[in-house]
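Take a look at the structure set out below.
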Protein chains: 2
Amino acid sequence: MSHVGYGCLMAVDREHVLRSAAALLTRRATATMDEVAKAAGISRATLHRQFAGRDALVRALEELGIQECEAALGAARLDDGTAREAVRRLVGEFESAAGLLGFLYTENQLFEGEEQNAGWSRIDARIAALFRRGQESGEFRIDLTPAWLTEALYGLFASGAWAVSEGRVAAKDFQYMIVELLLGGALRREES
Amino acid sequence: MSHVGYGCLMAVDREHVLRSAAALLTRRATATMDEVAKAAGISRATLHRQFAGRDALVRALEELGIQECEAALGAARLDDGTAREAVRRLVGEFESAAGLLGFLYTENQLFEGEEQNAGWSRIDARIAALFRRGQESGEFRIDLTPAWLTEALYGLFASGAWAVSEGRVAAKDFQYMIVELLLGGALRREES
DNA sequence: CCCACATGAGACATGAATGTCTCATGTGGG
DNA sequence: CCCACATGAGACATTCATGTCTCATGTGGG
């Protein structure tokens, strides 16, 4: 047939639905499909036509999260300059995705048995490689493994995003707080 | 009547039930009441006799978590020695409760509207006071707020406990990894 | 103008978890 | 020995989210 896709009536903006769902589920991970639909301004039926079920929706959100992370990783240019500068850029680029990331981070615990999306492994590897680069260049200490630093970064993103949404930390301090704690820790430095 | 409580047949070991539930829910936050009962080695009926419902069970777990945290806070003697030593002791004492803490930390997001247990505020305050003491003594930097350091500590506990349970970090490194990252950060130190 | 089609609204069935109930059982204490 | 009582097993109703269905509507394109 001739009409390839959606020639006449524009289908519901899938992107917008995903964004709305992400924003809602970030705040309340147990939100109903009904609530998700309302949040997106569409009916439950239409939501269901786009995503076969809650499962499919979460998977789509996972894909979205992975895309955002990979976009952030690209924009952060992890190979440029010092490792600490790259970490700073990385956190900045990740900021907008932190909420979604936190949601997916906790949601992953529920999948338990199932194999996790390969995208996360790639992302983990790229972040861990950055920390490894910092270790090899002598910038970072070598007694904290890249795997742990990566994991810790996720944890700080999640708690940071939550603290901001709860009003315990100002949104404008998000990047600074995370970067400074991750890189420098709580102790005062004598040196430069 | 004469028999005050459980004179004859010992009631189901409430403590044991709570421990089992904590262990299970730490791994799978969505576990069924049935599974919780099985994990504790009792029937669902008995579980219901002890805890009016899932809600009551979670509240009881929250109380348990608060108790453990306050016990840990006491054992860590936050007012003794340098603040960094106190932080080290604190993380060590919290280690056994980290899994439960992580569960409750994420579970709290679901309660959304409701007011959170006052116990957490007390605990937050004690931990934040420790960081503040470190700042006032000149040990800790002052540009990271005590509130954020407290929040970050929770996040590191959660991600640390999860990383251990996933096998990405060795259990024996738990305390070291968290303390070193929290206090010293990822950067190498030139000074002592 | 008419048709195609995506949408919204809602009815309906389904499955799962929950909460409540009864009853048989076994053990411990008097 | 007998009674009290906590327990386990299971039946049952209920609630809720979900998935599927139908139908009316409205709009855009031909």
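Residue numbers start from 1 in every chain, and the chains themselves are labelled A, B, ... in the order their sequence lines are given, proteins ahead of strands.
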Next on the checklist: Is there a side-chain contact between B:Arg19 and B:Glu15 in this structure, where contact means two heavy atoms from C-beta onward sitting under 4.5 Å apart?
Outcome noted: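 They are in contact (side-chain heavy atoms under 4.5 Å apart), so the answer is yes.
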Checklist entry - Any side-chain heavy-atom pair from B:Leu183 and B:Arg88 closer than 4.5 angstrom? => result yes
Checklist entry - Would a distance-only check, ignoring hydrogens and angles, find a side-chain to backbone donor-acceptor pair under 3.5 Å from B:Glu139 to B:Arg84? => result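 At least one qualifying donor-acceptor pair exists.
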Checklist entry - Nearest nucleotide by nearest heavy atom, which residue falls closer to the 5' end of DNA chain D, B:Ser43 or A:Ala31? => result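 Closer to the 5' end of DNA chain D: B:Ser43.
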Checklist outcome for this item: Sorted by position of nearest nucleotide on DNA chain D, 5' first, the leading residue of A:Ala52 and B:Gly41 is B:Gly41
Round to the nearest Å and state the distance from [X] atom [atom1] to [N] atom [atom2].
X	N	atom1	atom2	result
A:His48	C:dG8	NE2	P	15 Å
B:Asp34	C:dA17	CG	P	9 Å
B:Leu47	C:dT20	CG	P	13 Å
A:Lys38	C:dT7	NZ	P	17 Å
A:Leu57	D:dA17	CG	P	16 Å
A:Arg14	C:dA6	CZ	P	16 Å
A:Leu25	D:dA17	CG	P	14 Å
A:Ile42	C:dG10	CD1	P	16 Å

Should [N] form a Watson-Crick or G-U wobble pair with both distances under 3.5 Å, which nucleotide is its partner?
N	answer
D:dG30	C:dC1
C:dG8	D:dC23
D:dA13	C:dT18

Checklist entry - Could you go step by step and tell me if B:Glu151 and A:Trp162 meet the side-chain hydrogen bond (donor to acceptor under 3.5 Å, both in side chains) rule? => result CA-CA 9 Å; B:Glu151 204 74 35; A:Trp162 195 27; over 6 Å; no
Checklist entry - Within less than 4.0 Å of OP1 or OP2 of D:dG8, is there a side-chain N or O belonging to B:Thr46? => result yes
Checklist entry - So, do A:Phe131 and A:Trp148 have ring centers that fall under 6.0 Å from each other? => result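 Distance test on ring centres: not under 6.0 Å, no.
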Protein-nucleotides 21-23 of chain C N/O pairs under 3.5 Å:
none

Checklist entry - Roughly how far, to the nearest 0.5 Å, is CG of A:Leu73 from CG of A:Leu78? => result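 A:Leu78 CG to A:Leu73 CG: 5.5 Å, rounded to 0.5 Å.
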Next on the checklist: Whether the side chain of A:Arg44 and the base of C:dG10 hold a donor-acceptor pair under 3.5 Å is what I'd like checked.
Outcome noted: no
Checklist entry - How are the rings of B:Phe157 and B:Phe94 set to each other: parallel, tilted or perpendicular (split at 30° and 60°)? => result parallel
